[in-house]
Protein chains: 2
Amino acid sequence: MSGGPREGRALFQEVKRLATTRRPTLKDVAQAAGVSTTTASVVLTNRREGVRVPDATRHRVQQAAEDLGYRPNILARSLRTQTTRTIGFVSDEVTTTPFAVGMLAAAQDEAARHGYLLFVVNLGPNAPLALQEQAIDQLAQHQVGHFIYGCMYHRVVDPPAGLPADAVFLNCEASGGRHRSIVPDERQGAYEVVKELIEAGHRRIAFLDDHRHPPASRLRFNGFRAALAEHGLEYEPALHLETTPFVRGGLVLSDLIDLPDERRPSAVFCYNDRIAMGAYRAARARGLRVPEDLSIVGFDDQEFIASELDPPLTTVRLPHREMGRLAIQLVLDEPGALDDVPESEDGVIRIAGELVRRDSVAEPRGAWGQRTPSS
Amino acid sequence: MSGGPREGRALFQEVKRLATTRRPTLKDVAQAAGVSTTTASVVLTNRREGVRVPDATRHRVQQAAEDLGYRPNILARSLRTQTTRTIGFVSDEVTTTPFAVGMLAAAQDEAARHGYLLFVVNLGPNAPLALQEQAIDQLAQHQVGHFIYGCMYHRVVDPPAGLPADAVFLNCEASGGRHRSIVPDERQGAYEVVKELIEAGHRRIAFLDDHRHPPASRLRFNGFRAALAEHGLEYEPALHLETTPFVRGGLVLSDLIDLPDERRPSAVFCYNDRIAMGAYRAARARGLRVPEDLSIVGFDDQEFIASELDPPLTTVRLPHREMGRLAIQLVLDEPGALDDVPESEDGVIRIAGELVRRDSVAEPRGAWGQRTPSS
DNA sequence: GGGGCCTGAAGAAACGTTTCACCAGACTAT
DNA sequence: ATAGTCTGGTGAAACGTTTCTTCAGGCCCC
């Protein structure tokens with residue numbers, strides 16, 4: 001029980017470990033400390049309830065563990081406890097594309113905060129259901145207990161079989177309504193950014209839309225109309241153009257610029273920032289200055305685009321980081337995770353985006369003459 | 001040995017499984033098939049050498065496994081075999097930022113091809129060494145056998161302790177020279193894109209540099225000078241401007257445009273695409289057209305920037321996908337992985353980028369008059 | 001007709017934990 | 001003095017695999 005021989009023994013063990021290059025196990029620690037593995041386990045996992053280990057013994061075990069450089073084998077622990085602290089993050093192409101990369105980063109941060117590790121599997125665009133299920137099966141064989149299914153952009157997906165009921169869909173809505181989903185509040189974002197235009201005095205506002213991407217496009221349209229309606233403005237189908245969600249898609253703005261003065265819009269709401277980038281180009285090609293001659297707003301607050309346009313673009317920031325963090329909190333059943341978000345009726349949790357005011361909005365030319373009495 | 005009772009038994013097991021919601025184990029399969037777990041294991045892992053199991057038995061076991069919906073428990077297997085098919089991908093902020101996202105995607109693809117799963121941990125920018133080592137320790141506790149350390153941009157890093165000797169550094173160079181590193185061949189890329197300018201007839205080429213980012217900046221500079229030298233052109237310090245690697249950094253081009261005619265550059269090589277974006281803006285502000293009045297080239301082929309500028313930018317594509325794939329192949333010791341890449345002297349593997357020709361390069365004005373006899 | 005070999009398979013240990021059940025001894029209360 | 005309680009532990013099973021060793025029985029060969 002004296003320190004001398006024990007130290008000698010620990011040293012011997014250490015030498016032996018280095019010689020055999022075997023990582024020390026709990027048994028080694030127990031032996032070095034002169035206790036049973038039971039005691040060593042109890043001490044090193046810091047269990048207190050129902051077990052009595054005097055401080056002297058505790059310290060002896062801890063010292064031995066440190067001396068030997070003991071690291072627990074999580075595999076063995078997980079096998080025994082039948083739980084793993086891992087989360088499977090499967091996605092279409094979140095990690096492939098720079099769009100929603102903040103979701104993964106925030107999820108990783110939050111997982112680390114809880115001591116969890118993330119298995120990330122990126123299936124690529126349009127992976128067949130069978131491939132998706134195979135990936136989930138592989139994760140299940142690794143005994144991962146929690147699943148997040150992330151999408152690059154907001155859409156509806158068919159949940160692959162094998163996904164447990166408490167899986168969380170991130171940036172997409174699971175069809176069937178049996179799973180929780182976290183998506184941006186598209187409607188609210190569109191409402192706010194369009195309201196920003198209206199409050200600047202605009203009355204004729206175009207919408208460069210991409211209706212091939214429901215539900216985002218439908219919801220942004222709803223927000224657009226809601227803002228219009230709330231301010232007594234009429235929705236004008238002629239100003240609602242369908243286009244593609246790329247820079248070149250914004251070039252269709254030319255058609256609207258060609259309109260006669262009284263029918264021409266003084267502001268444009270673009271489905272996303274890339275379309276807005278194209279709209280800038282179209283405006284400039286016609287000699288229109290942004291925002292003096294034409295106000296333009298976008299959606300997404302896409303990195304390297306929105307803030308780098310000239311002038312910087314007023315847009316709506318997608319709450320990707322908040323969404324990623326919440327997804328982890330939900331799968332881990334963190335209490336209070338939903339305190340900050342509004343109640344959802346349909347199991348779909350909508351996170352508000354944030355209006356980012358930059359320099360692409362100004363009063364319309366002749367605004368003072370156009371102002372309604374109420375403003 | 002007849003089918004009848006065995007089928008009944010399998011059915012019973014199935015019912016029991018559903019009732020207890022316990023995942024069937026190898027023992028369940030063995031019992032259902034009327035063999036030992038040894039035999040079941042041999043059959044289901046498809047081992048052939050040294051073991052003899054007649055086809056009839058094989059089929060019986062396989063059938064039982066399928067009937068029960070047996071999935072092996074990888075944790076138990078890994079514990080026994082002392083190997084896991086997992087790779088730890090730790091990075092500063094690869095997953096946080098859209099720069100090098102292709103590396104992770106390609107790594108994931110290649111890992112999946114080998115049946116490996118990726119633990120991804122994103123430490124954030126400038127994580128203290130202690131935090132890095134803690135993350136590596138956590139992965140080691142999960143018994144991950146292979147490590148990749150990825151960086152957002154090409155730089156030199158101090159390898160955190162705990163990383164095994166066969167870890168691969170991706171998009172960064174490990175100081176100390178004890179590890180393998182994979183980086184883009186900056187010199188070659190710069191050489192090629194500058195040569196493109198020279199071959200278009202340019203003789204006065206500016207370099208908008210960012211020397212705060214060695215080694216990339218130094219190597220691109222080397223490539224720049226090599227191209228110059230090879231074509232008998234003199235390096236002119238006055239045309240080498242130091243700036244920041246952002247869009248606004250490109251605005252320093254104004255200073256060069258102000259130069260008197262005979263000293264003004266007819267082309268600009270930008271350290272990266274964002275600087276090029278700023279250079280476009282500066283040129284346009286002075287009424288210069290790209291490429292008619294000024295040729296501009298960049299570096300990176302950054303998504304949503306290079307291809308979306310007006311005109312689209314000639315640049316060098318960073319081989320992120322190739323690098324990510326190779327990293328996996330190296331840690332997995334795939335034979336022939338290095339066949340396609342040139343031998344490296346210093347343990348640093350340099351992967352060639354690809355010149356992407358777009359529309360930002362033209363002959364200089366008055367080029368015919370300036371041409372040297374040789375061209 | 002007996003030793004050797006081949007076939008087909010099983011028993012049990014091992015991987016590194018956690019945890020259930022139990023226990024020796026000392027002390028306490030009656 | 002004895003029964004009960006508390007302290008400080010320990011032994012061994014269990015988690016689900018893989019794999020080493022062993023073995024029964026049948027056949028072949030001489």
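- Not counting sequence neighbours, B:Arg80 has no partner by the salt bridge (charged side-chain N to carboxylate O under 4.0 Å, His left out) test.
- D:dT10 atom C1' lies 14 Å from atom CG of A:Leu26, rounded to whole Å.
- Atom-to-atom, NE2 of B:His142 to P of C:dG16 comes out at 17 Å; the value is rounded to the nearest Å.
- No side-chain heavy atom of B:Asp166 sits under 4.5 Å from any side-chain heavy atom of B:Leu330.
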Would A:Gln138 and A:Val144 count as a side-chain contact (heavy atoms from CB on, under 4.5 Å) if you check the C-alpha gap in whole Å, the side-chain angles of each, and the deciding distance to 0.1 Å? CA-CA 9 Å; A:Gln138 192 186 7; A:Val144 338; over 6 Å; no
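- Comparing C:dG16, C:dA9, D:dT18 by their nearest atom to the side chain of B:Thr45 picks out D:dT18.
- Qualifying ring pair (Phe, Tyr, Trp, His ring centres under 6.0 Å) partners for B:Tyr70, counting only residues two or more places apart in sequence or in other chains: none.
- For DNA chain D, the residues of residues 71-86 of chain B within the heavy-atom distance limit of 4.0 Å (strictly under) are B:Arg71, B:Pro72, B:Asn73, B:Ala76, B:Arg77, B:Arg80, B:Thr81, sorted by number.
- Rounded to a whole Å, the CD atom of A:Gln143 is 18 Å from the P atom of C:dT17.
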For nucleotides 21-27 of chain D, list the nitrogen or oxygen atoms of the protein found under 3.5 Å from its nitrogen or oxygen atoms, one pair per line.
none

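- Between B:Gln108 and A:Val121, the closest side-chain pair of non-hydrogen atoms falls below 4.5 Å.
- Counting to the nearest Å, the C1' atom of C:dC20 and the CZ atom of A:Arg47 are 11 Å from each other.
- Note that NE2 of B:His142 and CZ of A:Arg85 are 9.0 Å apart. Values are rounded to the nearest 0.5 Å.
- Rounded to 10°, the angle separating the first-five-pair axis and the last-five-pair axis of the helix from C:dG1-D:dC30 to C:dT30-D:dA1 equals 60°.
- For A:Phe119 and B:Phe119, the ring centers sit closer than 6.0 Å to each other.
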Donor-acceptor contacts under 3.5 Å from residues 36-44 of chain A side chains, at least two apart:
unit_1  : atom_1 : unit_2  : atom_2 : d
A:Ser36 : OG     : A:Thr38 : N      : 3.4
A:Ser36 : OG     : A:Thr39 : N      : 3.3
A:Ser36 : OG     : A:Thr39 : OG1    : 3.3
A:Ser41 : OG     : A:Arg47 : NH2    : 3.0

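- In this structure, NZ of B:Lys27 is placed 15 Å from C1' of C:dA10, rounded to the nearest angstrom.
- For DNA chain C, the neighbouring residues in residues 35-44 of chain B, judged by any heavy atom under 4.0 Å, are B:Val35, B:Ser36, B:Thr38, B:Thr39.
- The distance between atom CZ of B:Arg48 and atom C1' of C:dT7, rounded to the nearest whole Å, is 15 Å.
- Take B:Tyr149 and apply the ring pair (Phe, Tyr, Trp, His ring centres under 6.0 Å) test, not counting sequence neighbours, and it matches B:Phe169.
- Atom CG in A:Asn46 sits about 14 Å away from atom P in C:dT19, given to the nearest Å.
- In terms of the side-chain contact (heavy atoms from CB on, under 4.5 Å) criterion, residue partners of A:Leu129 (sequence neighbours excluded) are, by chain and number, A:Gln132, A:Glu133, A:Pro160.
- Of the charged side-chain nitrogens involved, at least one lies within less than 4.0 Å of a carboxylate oxygen, so that B:Glu110 and B:Arg113 count as a salt-bridged pair.
- Residues passing the ring pair (Phe, Tyr, Trp, His ring centres under 6.0 Å) test with B:His320: none are found, sequence neighbours excluded.
- Separating the CD atom of B:Gln31 from the P atom of C:dA10 is a distance of 12 Å, rounded to the nearest angstrom.
- Looking at residues two or more places apart in sequence or on another chain, you find no side-chain hydrogen bond (donor to acceptor under 3.5 Å, both in side chains) involving A:Ser181.
- B:Asp137 pairs by the side-chain hydrogen bond (donor to acceptor under 3.5 Å, both in side chains) definition with A:Arg71, B:Gln141, not counting sequence neighbours.
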